[in-house]
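Read the structure below first, then the notes.
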Amino acid sequence: MSMSELSEVADTLEARARTACAIVREAGAVALAAFRDHGSLSVETKGTQDWVTNVDLEVEALIRARLGAAYPGDAIVGEETAQDPEGGNTAWVIDPVDGTTCFMLGLPQWCVVLSYTVDAVPVVSAIYAPVTDELFHATAGGGAFLNGRPIRVSDAASIGDGLIAVGANAQGDPHKSAAFIGDLVSDGGMYIRVGACALALCYVASGRLLAAYEPRVMPWDDLAGMLLVREAGGRTNAFAPSLVCEAKRPVLVAAPGIWEAVAPLY
């Protein structure tokens, strides 16, 4: 690919990133208003510890409408509706409220997530945490940012230098998570449960956490955050081979100096 072609691709990604950032900010404002008015929420269960609210549906519809206006030919994958991409693995991927459990319980650990993938590889990501007014975004080869400022992963070399996010659920080998937490604390480290996968990955990318692990996620949970971590200089496991996964899979991200210590989780 020539330099002019590379420049054109970069311009396209930057334009998509700007659009994505504007959309998640707007969607986040809608979700935040509902978060502050819990009497307006209606909740349905999708399974054990898995819920959907009217806000999830409203926010996803808003994001779809904005993407449809900006990029009418693009495929869209969303957690709550139309999970199978019509255009293959090149598509926008939406998680309207990542951390719905926290959202519905009045806890601040939730965010709006949007990414754009080419052949199932994320090339644009935008993650907005409305409660703290923090917008994380990244483009492939363009770096990672928090509210417009570059971010980098921690340069720590020991698990005792900070916190590690560890997730767990009944279907994702919970004993592995429990055993790792025990070993981590015994070795002088400490864990935290963030409650939203994308937000935990953002915290690794920005150096707030050393690493993050979730045992069972879908593409809308991890792709945006994985791109952010990689662009911030961190390490991750491989991306999912397809946007349509029959089974959830684990995700692991970490600062380079911590990777070997947490690799057994994956």
Tell me, do [X] and [Y] make a side-chain contact under 4.5 Å, heavy atoms counted?
X    : Y    : result
I151 : E231 : no
P250 : Y213 : yes
L114 : L67  : yes
D221 : D98  : yes
V55  : E60  : no
D56  : F103 : no
T117 : V121 : no
L252 : T236 : no

TODO: Mark yes or no for whether N147, through its side chain, and L135, through its backbone, hold a donor-acceptor pair below 3.5 Å.
DONE: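 Pair found, side chain donor or acceptor close to backbone of L135.
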Task: Under 3.5 Å donor-acceptor, S125 side chain and A224 backbone - done: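 Flag set: sc S125 to bb A224 pair under 3.5 Å.
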Using 0.5 Å steps for rounding, measure from the [atom1] atom of [X] to the [atom2] atom of [Y].
X    : Y    : atom1 : atom2 : value
W110 : C102 : CH2   : SG    : 11.0 Å
S206 : F136 : OG    : CZ    : 4.5 Å
L210 : S158 : CG    : OG    : 8.5 Å
W259 : R235 : CH2   : CZ    : 5.5 Å
E14  : T19  : CD    : OG1   : 11.0 Å
L105 : T100 : CG    : OG1   : 10.5 Å

How close do [X] and [Y] get, counting heavy atoms only, and between which atoms?
X    : Y    : value
Y116 : T90  : OH-CG2, 3.4 Å
A261 : P264 : O-CD, 3.7 Å
G234 : P256 : CA-CD, 4.2 Å
P130 : C111 : CD-CA, 4.3 Å
V112 : P96  : CG2-O, 3.4 Å
A211 : V262 : CB-CG1, 4.0 Å

Is there a chain of hydrophobic side chains (I, L, V, M, F, W, Y, each step under 4.5 Å between heavy atoms) that links [X] to [Y]?
X    : Y    : result
V204 : V251 : yes
F145 : V123 : no
L223 : V229 : yes
V113 : L227 : no

Task: Salt-bridge criterion met for D74 and R16 (N-O under 4.0 Å) - done: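 Answer for the salt bridge query: yes.
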- [ ] Before giving the answer on side-chain contact (heavy atoms from CB on, under 4.5 Å), spell out for M226 and F239 the whole-Å C-alpha distance, their side-chain angles and the decisive distance to 0.1 Å.
- [x] CA-CA 8 Å; M226 290 177 78; F239 298 126; 3.6 Å; yes
Could you pull out every donor-acceptor pair under 3.5 Å between side chains of residues 179-203 and any protein atom, sequence neighbours left out?
{"unit_1": "S186", "atom_1": "OG", "unit_2": "G182", "atom_2": "O", "d": "2.9"}
{"unit_1": "R193", "atom_1": "NH1", "unit_2": "E214", "atom_2": "OE2", "d": "2.9"}

- [ ] For R25 and D133, run salt bridge (charged side-chain N to carboxylate O under 4.0 Å, His left out): C-alpha distance rounded to whole Å, both residues' side-chain angles, the deciding distance at 0.1 Å, then the answer.
- [x] CA-CA 9 Å; R25 274 197 179 276; D133 191 26; 3.0 Å; yes
- [ ] Could you give me the CA-CA distance, side-chain angles and deciding distance for E26 and V59, then say whether side-chain contact (heavy atoms from CB on, under 4.5 Å) is met?
- [x] CA-CA 9 Å; E26 180 184 2; V59 168; over 6 Å; no
TODO: Kindly indicate, with the supporting measurements, whether the criterion side-chain contact (heavy atoms from CB on, under 4.5 Å) is fulfilled by I127 and D95.
DONE: CA-CA 10 Å; I127 301 171; D95 191 340; over 6 Å; no
Open item on the list: Quick one, R149 with E134, criterion salt bridge (charged side-chain N to carboxylate O under 4.0 Å, His left out). Give me CA distance, side-chain angles, the key distance, then yes/no.
Closed with: CA-CA 11 Å; R149 295 184 178 184; E134 292 185 320; over 6 Å; no
Open item on the list: A cation-pi test, strictly: NZ or CZ of R66 under 6.0 Å from the centre of the six-membered ring of Y71 and no more than 45 degrees from its axis. Yes or no?
Closed with: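 No; the conditions do not both hold, so R66 does not lie above the ring face of Y71.
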Open item on the list: Assess the residue pair V93 and L243 against the criterion (side-chain contact (heavy atoms from CB on, under 4.5 Å)); give the C-alpha distance rounded to whole Å, side-chain angles, the decisive distance to 0.1 Å, and a yes or no.
Closed with: CA-CA 9 Å; V93 182; L243 297 182; 4.1 Å; yes
